[in-house]
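In what follows, residues are counted from 1 in the order of the sequence shown. Both ligands and their constituent atoms are indexed starting at 1 by order of listing.
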Amino acid sequence: METENIDHIGIAVEDLEKAIDFYEKNLGMKLIDKEVLEDRGLKVAFLVGEKEGTAIELLEPINHDDENNTIAKFLKNRGPGLHHLAVKVEDIKTSLNDLSTKGLKLIDKEPRPGARGHLVAFVHPKSVLGVLLELVQERH
Ligand SMILES: C[C@@H](C(=O)O)C(=O)SCCNC(=O)CCNC(=O)[C@H](O)C(C)(C)COP(=O)(O)OP(=O)(O)OC[C@H]1O[C@@H](n2cnc3c(N)ncnc32)[C@H](O)[C@@H]1OP(=O)(O)O
């Protein structure tokens, strides 16, 4: 597969509003999107720097005690911090097939709707040198 660019870096946070405030005040980043993803049980926010490019995605679970929520589990086990790397691809289905053929372990065999109306799919950190990888395709 070919990576077009680094779309965003996911960061698990305990409190979304405080984290947005932190990145705005201390790093001078600007908020470009904020969403509640009910089906994932998440509140997310995207911020970029002055010249835009790669975004950061802040992720807070709606229910911090939900053991089935991946971000709640991550926060309990590891605390807040870097959670995933998201790369943009032109054709997510072809990319998934390619990675699968190469022996990487797919979490999502089929792409699904993600934040900002994009299609997304995750690849297991155990097959990506310890990094949870997200593929992102813009819907045209
Ligand atoms: C909205 C959307 C969007 O952008 O559009 C999103 O971002 S959604 C973002 C949230 N959604 C997701 O993350 C979906 C994909 N993630 C998952 O399905 C899960 O989090 C897994 C990656 C499969 C891990 O789940 P599991 O229940 O197995 O967790 P676990 O705590 O038992 O961990 C199993 C092993 O994986 C490691 N592990 C867990 N999470 C990790 C992470 N984020 N990065 C690197 N390693 C990680 C643990 O340390 C552990 O290693 P050891 O065995 O060595 O101790």
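Residues satisfying the side chain to side chain donor-acceptor pair (under 3.5 Å) test with Lys73, not counting sequence neighbours, are none. By the side chain to side chain donor-acceptor pair (under 3.5 Å) test, Lys102 pairs with Asp98, sequence neighbours left out. Annotation: side chain to side chain donor-acceptor pair (under 3.5 Å) contacts of Glu4 (sequence neighbours excluded): none.
Listed by chain and number, His8, Leu37, Arg40, Leu42, Glu57, Leu59, Thr70, Ile71, Lys73, Phe74, Asn77, Arg78, His83, His84, Ile107, Gly114, Ala115, Val120, Phe122, His124, Pro125, Lys126, Gly130, Leu132, Glu134 each place a non-hydrogen atom less than 4.0 angstrom from ligand 1.
Closest approach of His118 to Arg139, counting heavy atoms only: O-NH2, 4.0 Å.
Remark: side-chain polar atoms of Glu60 are paired, donor with acceptor, to backbone N or O of Leu16 under 3.5 angstrom.
A salt bridge links Arg116 with Asp7; the closest basic N to acidic carboxylate O contact falls under 4.0 Å.
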